[in-house]
2 protein chains.
Amino acid sequence: MRSEDRRALILEAATAVFGEHGYHGATTDQIARAAGVSQPYVVRMFGGKEAMFLEVLDRTLQRIIASFDAAVEENRASGAEGEEALAHCIGRNYADLLSDRGLLLSLMQAFMLGADPVVGPHARAGFLRVYRYLREVVGLDATAANDFLAYGMFLNTIVGVRMVDDYENDSSAREMLDEILPTKLELLMTDRSSAS
Amino acid sequence: MRSEDRRALILEAATAVFGEHGYHGATTDQIARAAGVSQPYVVRMFGGKEAMFLEVLDRTLQRIIASFDAAVEENRASGAEGEEALAHCIGRNYADLLSDRGLLLSLMQAFMLGADPVVGPHARAGFLRVYRYLREVVGLDATAANDFLAYGMFLNTIVGVRMVDDYENDSSAREMLDEILPTKLELLMTDRSSAS
DNA sequence: GAAAGTGGTAATCGGATGATTACAAACGCG
DNA sequence: CGCGTTTGTAATCATCCGATTACCACTTTC
C-alpha cells in the first residue's frame with residue numbers, strides 16, 4: 001500500500017484512539033493495532049506520538065471547517081435568510097460529525113491539554129480558528145458565536161462522558177439526551193464500545 | 001500531622017494536578033510533591049491512583065453542589081423571584097469555582113473518560129447528579145438546565161485550553177473572554193502556570 | 001518503660017510504553 | 001537481471017511510573 005494511504009488510515013485510527021483514551025491514555029501500540037500496522041511504523045511515520053497528535057488535531061479542525069463550509073453552501077442554496085438559520089444549519093452538520101468516531105472527542109481532549117507547552121498553543125489556535133470562522137464567515141456576533149460554541153462543548157462533553165450508555169436505564173439521562181438531540185440520537189447509539 | 005488533614009491536603013493537590021494534566025497525564029509523584037509528602041504515602045493512603053481520582057471526583061461534586069446550595073440560599077435571602085434570576089446567581093457562584101485551582105478541570109477530565117470502565121460510570125453519575133439538582137432543586141426545565149450546563153461546559157473548556165494565555169496577544173481571544181466573563185476575568189488571570 | 005499503634009520515608013521492583021535499530025520483503029526501473 | 005527505494009516488521013532498549021516492601025520516628029497506652 002502507498003504510504004500516503006497508510007498515513008490516512010493511521011490518522012483515522014489515531015483519532016479514534018486519542019478520542020477514547022485521551023492523549024496520555026492512548027498508546028502508540030493501540031493506534032498501530034487499530035490501523036493494522038506495527039507500532040514502530042506509526043512512530044517512525046509521524047516522528048513521535050506528540051507530532052502525530054498534532055496532525056490529528058489539524059486534520060480534525062480541517063474537517064470541522066469543511067463541514068461548516070458545506071453547511072454555509074447548503075444554507076445558501078436553500079435560500080434561507082438570516083444568521084440564525086445558518087447557525088442552526090451548521091449545528092446540524094456539527095452534530096453529524098459526532099458519528100465520525102472520535103473526531104470531536106480528540107479535539108476536546110486537545111482542549112483539555114492547555115497546560116501542555118506544545119499541544120496547548122496549537123489547541124488554542126484551533127479553538128480561535130473556529131471562533132473566527134463563526135464571527136467572520138458565518139457573520140455571528142460575539143454572543144451568538146459563544147452560544148454556538150457552548151452548545152458544541154456541551155455536545156462534546158455528553159459524547160465524551162458517554163451519556164448514551166445510561167439512556168436506557170436512567171430517566172434523567174434520557175430526558176437530557178432527548179432534549180439535546182431530538183433527531184440525532186441514532187448517531188450516538190452506534191457501537192462506541194471497546195476497540196480496547 | 002493528623003492523617004485526616006494530610007488527606008485533605010493531598011486531595012487538594014491531586015485536584016490541581018489531575019486538572020492540569022488529566023488522569024493519565026498526572027503522576028502520583030507530582031501529586032505527592034505538590035502535597036509535600038512522599039509518593040508511596042499517597043499511593044498507600046488512597047489505595048492507588050484510580051481510587052484517588054474517584055475521591056477527587058466525589059469531592060469536586062460535593063463542592064459544586066455545596067456552591068449551588070449556597071447560591072440558592074443567597075438568592076432566597078435576597079428576595080429575588082423566578083428561576084432565571086436563580087440560575088444566574090448559581091452561574092456566578094459556579095464562575096467563582098473557576099478560581100479553585102483545578103476543581104472544574106479535574107471534573108472535566110473525568111467527563112472525558114467516559115470510556116473508562118471504572119471512571120466512566122462515576123463520571124456519568126456525577127454529571128446526572130448535577131443535572132437532577134438543576135431540575136429538581138433549582139426548578140429549571142429541561143431546556144434551561146441544558147443551557148446552563150452548556151454554558152458551564154463552555155467555561156470549563158475555556159479554562160482547560162487556557163484561553164487566558166492568549167488574552168493579551170489575540171484580539172479574538174480577548175473579545176471572547178470579555179463576552180463570556182465580563183466580571184470574572186480576574187479569577188482566571190491568577191497564576192495558573194507550572195507546578196510542573 | 002516496653003508494647004502497640006500512627007504517620008511517615010527510602011529503596012526498589014516490575015510492567016508498560018515510546019522510541020531505536022537492524023533487517024526483510026516487495027517494487028520500480030535501467 | 002541487478003540495484004536502489006519504498007514499505008514494512010521483529011527485537012530490543014531505556015525510561016517512566018505505580019506499586020510494594022521494609023524500615024524509621026514518634027506517640028499513646030497499660
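Only this structure's heavy atoms are used, side chains among them; waters, hydrogens and symmetry mates stay out. Lettering follows sequence order; numbering is per chain, from 1.
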On the 0 to 90° scale, with breaks at 30° and 60°, tag the A:F18-A:F53 ring pair as parallel, tilted or perpendicular.
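Rings of A:F18 and A:F53: perpendicular, as their planes differ by over 60°.
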Using 30° and 60° as the class limits, which term best fits the ring planes of B:F148 and B:Y94: parallel, tilted or perpendicular?
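The rings of B:F148 and B:Y94 stand perpendicular, inter-plane angle above 60°.
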Can you check the A:R33 CZ to D:dT9 P distance for me, whole Å?
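Result: 12 Å.
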May I have the distance from A:R7 (atom CZ) to D:dT7 (atom C1'), rounded to whole angstrom?
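Rounded to the whole Å, the gap is 14 Å.
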Verify salt bridge (charged side-chain N to carboxylate O under 4.0 Å, His left out) between A:R33 and A:D29, making sure each step is shown before the conclusion.
CA-CA 6 Å; A:R33 212 176 295 269; A:D29 189 63; 2.4 Å; yes
With nearest nucleotides of DNA chain C determined for B:P40 and B:R2 from heavy-atom distances, which residue corresponds to the more 5′ nucleotide?
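Looking at DNA chain C, the more 5' nearest nucleotide goes with B:R2.
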Listed by chain and number, what are the ring-ring contact (aromatic ring centres under 6.0 Å, His included) partners of A:Y151, not counting sequence neighbours?
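Counting only residues at least two positions away or on another chain, A:Y151 forms no ring-ring contact (aromatic ring centres under 6.0 Å, His included).
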For A:F111, give me all partners under ring-ring contact (aromatic ring centres under 6.0 Å, His included), at least two apart in sequence or on another chain.
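Applying ring-ring contact (aromatic ring centres under 6.0 Å, His included) to A:F111 gives A:F127.
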Taking distance alone, no hydrogens or angles, what donor-acceptor pairs closer than 3.5 Å link side-chain atoms of residues 38-47 of chain A to residues at least two apart or in another chain?
| unit_1 | atom_1 | unit_2 | atom_2 | d |
| --- | --- | --- | --- | --- |
| A:Q39 | NE2 | A:T28 | OG1 | 3.1 |

Heavy atoms only, 4.0 Å cut-off, all strands: where does A:S38 land among base, sugar-phosphate and nothing?
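Base contact - A:S38 has a heavy atom under 4.0 Å of at least one base atom.
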Sugar-phosphate only, base, or nothing, as touched by B:A32 at under 4.0 Å among non-hydrogen atoms:
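Touches nothing.
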Run the side-chain donor-acceptor check on residues 136-143 of chain B: report pairs under 3.5 Å with partners two or more places apart or on a different chain.
| unit_1 | atom_1 | unit_2 | atom_2 | d |
| --- | --- | --- | --- | --- |
| B:D141 | OD1 | B:T143 | N | 3.2 |
| B:D141 | OD1 | B:A144 | N | 2.7 |
| B:T143 | OG1 | A:E179 | OE2 | 2.7 |

In terms of heavy-atom contacts, does NE2 of B:H88 have more than 12 from other residues, nucleotides or ligands at under 6.0 Å?
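It does not: B:H88 NE2 has 12 such atoms or fewer within range.
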What are the bounds, 5' to 3', of the part of DNA chain C that sits under 4.0 Å from heavy atoms of chain A?
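With heavy atoms of chain A under 4.0 Å away, the range is C:dT17 to C:dT20.
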By a strict heavy-atom criterion of less than 4.0 Å, which residues belonging to residues 41-54 of chain B are in contact with DNA chain D?
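Under 4.0 Å from DNA chain D: B:V43, B:G48, B:K49.
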Does the side chain of B:T27 get closer than 4.0 angstrom to OP1 or OP2 of D:dC17 through an N or O atom?
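Answer no for this pair, as no side-chain N or O of B:T27 is under 4.0 Å from OP1 or OP2.
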